[in-house]
Amino acid sequence: LKWLSFVALPISADSWYVSPMTRPRHIVLIQPDVPGSDAFDRLGRSHLPPLGLLYLAAALEKAGHRVRVFDLNLPQNLDEVLAHIRSTEVDLVGLGTLATAFDRVGELAKSIRYALDPKTRFVAGGADATVRPDAYLSSGHFDAVLVGEAEHTIVELVEALPDIPRIDGIAVPGGAIVLPSKIEPDSAPFPARHLLPLKAYRGGPAYKRLRYSTGIFTHRGCPFQCAFCEKGVHDGPMRARSAASIFKEVQAIRAGSDIHDLRFVDDVLMANKKVLTELLDLVLRKNERFAWMCCGRADLMEPELLGLMARAGCYRIELGLETGDQELSDRIQKNITLDQGVQAARRAHDAGIEVVANFILGFPGETETQMRKTIDYSLKAAPDYAIYFLFQPFTGAMISRELNLEWDDQESAGRGESTEYQVPTSKVQALIDKAYRRFYFRVSYVARRLLAIKSPWLAIDLARLAVLHLLTRALPKKK
Ligand code: B12
């Protein structure tokens, strides 16, 4: 992000302050409903509470303010939000963003702005707004965009209301855009999970069993440089939490709730092996095994570590294998070999852990032959579930910047009409359809899944998966 600069000084625990000078404010935070994504609709939408908003809510509550969180991906709907905004005095409304939800965020912003009292301030934040704040500010609906990690900035903003303070992290029309100081993750209060109905979150078959589930973070930032991944909010060096703090959060989640399933939402859980090993040690020593899944990386799948993870309850690892063409893999800076991918899946299986493998088709310059190699490779790697994504040029990704790929809010899943794409999007999508058919409709695969059924839950999972696949094949894609 050339045009963003940031101060890398972490904010310490002492800087979470409560100002005795301001009256408690009322803040409403909203997660937009995200239109169906092909990959996730096929495998059943994974449903997790929006951790970003819950972190902000926790910081605001700690500073003495009153917060209401709405997640429009739940049966909570816009009418409920609007009724709440109209019936209560609200000081600040914040709306989350995601590139794939840009149009929807625009519609929501218009309705919300219309319902707001002129004194109420309205801001956007999150992944997409951080990398292109102007796209949101230019709509005229928002008073400001909070870029980057916003726990600290939102508290400062609230303390200054109705003014919008000119500080790093707050972008206003025509102003400079500077990321705020990074949060020191152990100092951030645990996400305010009590503000959402946690029992509403259950995932799709490839993601979670049919149990209540929530996400948890062990570090911010990622040390790897995959060219297609947008770093944006979490750019910069990795900042890890301590094992003790993570363990405390796990215990807090499990105590007094029906959540029996956790998803570590770090880009790569094993990126900090020291903290992970300490955490596993704590879980095993205190006999607190629980069911969990995470994202891994093919070159970090050490048998001994996997054994410990399995003993501590890990039942599934998601791996970004991305492509079956080594030259392309190197070009996107994945820094793994194809053999490592196959070996990683085998090692997880040896440890008794299931594997979800992610693949991406349609990179700039990628040929049809290379995409076919990826499909063959996905069969060879033999994961338990394969997900095939269409490449999308997120604004903050290195590849988008290098090739000047602009995120297109109107056209073909953000890809627009760039000549960098060798194969038209419709053809890539047809190959993705083919990939799903080849992967999931194999007698050997179906037989393997049936033999793996150990519980009625898994049987229901698989039945749902089969129905979803048949439906996605038979029905036109949801708009
Ligand atoms: C977990 C995760 C998922 C999960 C669950 C999402 C959820 N509901 O929580 C799953 C697997 C379902 C998922 C799906 C997708 N994801 Co995702 N996901 C993530 C991941 C790894 C972690 C998100 C998280 O919890 N972060 C932890 C919190 C603390 O950080 P945060 O969310 O950034 O929040 C901070 C700031 O952004 C800010 N903030 C956040 N919201 C708001 C709101 C306001 C008002 C304000 C002021 C500030 C603010 O303050 C927060 C605290 O500091 C991120 C990458 C990452 N490392 O963050 C990608 C990421 C968010 N996902 C991304 C994408 C593209 C997707 C998909 C569209 C992929 C696809 N092609 O299908 C789908 C969307 C599906 C859907 N229907 O939602 C991109 C977004 C890029 C963009 N420009 O929009 C990211 C950044 C990955 C990447 N590097 O490219 N995802």
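Keep in mind that what you see is a predicted model, and the values were worked out from it rather than measured. First listed ligand is number 1; within each ligand, the first listed atom is number 1.
- Remark: Met293 CE to Cys314 SG distance equals 8.0 Å, nearest 0.5 Å.
- Within the listing of ligand 1, atoms 82 (C), 83 (N), 84 (O) sit less than 4.0 angstrom from a heavy atom of Ala99.
- Between Leu98 and ligand 1 there is a heavy-atom distance shorter than 4.0 Å.
- Looking at residues two or more places apart in sequence or on another chain, you find a salt bridge (Lys or Arg N to Asp or Glu O under 4.0 Å) between Lys273 and Glu302.
- The side-chain hydrogen bond (donor to acceptor under 3.5 Å, both in side chains) search around Arg121 returns none, not counting sequence neighbours.
- Checked against a 3.5 angstrom limit, the closest N/O atoms of Phe394 and ligand 1 fall outside it.
- The option from Glu151, Lys231, Glu230 that lies nearest to atom 81 (C) of ligand 1, judged by heavy atoms, is Glu230.
- Heavy-atom distances between Pro191 and ligand 1 stay at or above 4.0 Å for every pair.
- Between the side chain of Thr88 and the backbone N or O of Ile85, no donor-acceptor pair lies under 3.5 Å.
- Note on ligand 1: Val233 sits in its first shell, one or more heavy atoms being nearer than 4.0 Å.
- Closest to atom 20 (C) of ligand 1 by heavy atom, among Val145, Val265, Leu29, Thr395, is Val265.
- Nearest-residue assignment for atom 39 (N) of ligand 1 (options Ala124, Gly52, Gly126; heavy-atom criterion): Gly126.
- Residue Thr100 has at least one heavy-atom neighbour below 4.0 Å for each of these atoms of ligand 1: 68 (C).
- Compare Tyr55, Phe122, Phe217 by their heavy atoms: the one nearest to atom 22 (C) of ligand 1 is in Phe217.
- In this structure, Gly232 falls outside the shell of residues with a heavy atom less than 4.0 angstrom from ligand 1.
- Contact between Arg220 and ligand 1 is present, with at least one heavy atom of the residue lying under 4.0 Å from the ligand.
- Of all the heavy atoms of Gln392, the ones lying under 4.0 Å from any atom of ligand 1 belong exclusively to the side chain.
- Those atoms of ligand 1 that come under 4.0 Å of a heavy atom in Asp267, given as number and element, are 55 (C), 57 (N).
- Cation-pi geometry between Arg220 and Tyr55 is met: the NZ or CZ atom falls under 6.0 Å from the ring centre, inside 45° of the normal.
- Of all atoms in ligand 1, listed by their number and element, those nearer than 4.0 Å to a heavy atom of Leu146 are 47 (C).
- The proximity of His234 to ligand 1, defined as any non-hydrogen pair under 4.0 Å, is limited to the side chain.
- Contact analysis leaves Gly215 out of contact with ligand 1, as no non-hydrogen atom separation drops below 4.0 angstrom.
- When non-hydrogen atoms are compared, ligand 1 lies under 4.0 Å from neither the backbone nor the side chain of Ile30.
- Only backbone heavy atoms of Pro49 (N, CA, C or O) come within less than 4.0 Å of ligand 1; its side chain stays farther off.
- Judged by the 6.0 Å distance and 45° axis criteria, Arg297 is positioned over the aromatic ring of Phe224.
- When each atom of ligand 1 is checked for a heavy atom of Gly94 under 4.0 Å away, the hits are 45 (C).
- The neighbour count for Gln333 CD, taken as heavy atoms of other residues, nucleotides or ligands under 6.0 Å away, is above 12.
- Counting atoms of ligand 1 from 1 in the listed order, those under 4.0 Å from a heavy atom of Leu51 are 25 (O).
- Remark: aromatic rings of His219 and His234 are distant, center separation not under 6.0 Å.
- Between Phe391 and Tyr421, the ring planes are tilted. Angles from 30° to 60° get that label.
- Asn358 and Glu318 are linked by a side-chain donor-acceptor pair at a separation below 3.5 angstrom, with hydrogens and angles left out of the test.
- Under a 4.0 Å criterion applied to the non-hydrogen atoms of Glu149, ligand 1 contributes the atoms 53 (O).
- In the model, Asp79 has no side-chain atom that pairs as donor or acceptor with a side-chain atom of Asn77 under 3.5 Å.
- Using the six-membered ring where Trp is involved, Tyr388 and Phe359 have ring planes that are parallel, under 30° apart on the 30 and 60° scheme.
- Ring geometry, Phe264 versus Trp292: the interplanar angle exceeds 60°, so the pair is classed perpendicular (tilted spans 30 to 60°).
- Under a 4.0 Å criterion applied to the non-hydrogen atoms of Leu48, ligand 1 contributes the atoms 5 (C), 8 (N).
- Taking the ring centroids of His141 and Tyr136, they lie at or beyond the 6.0 Å cut-off.
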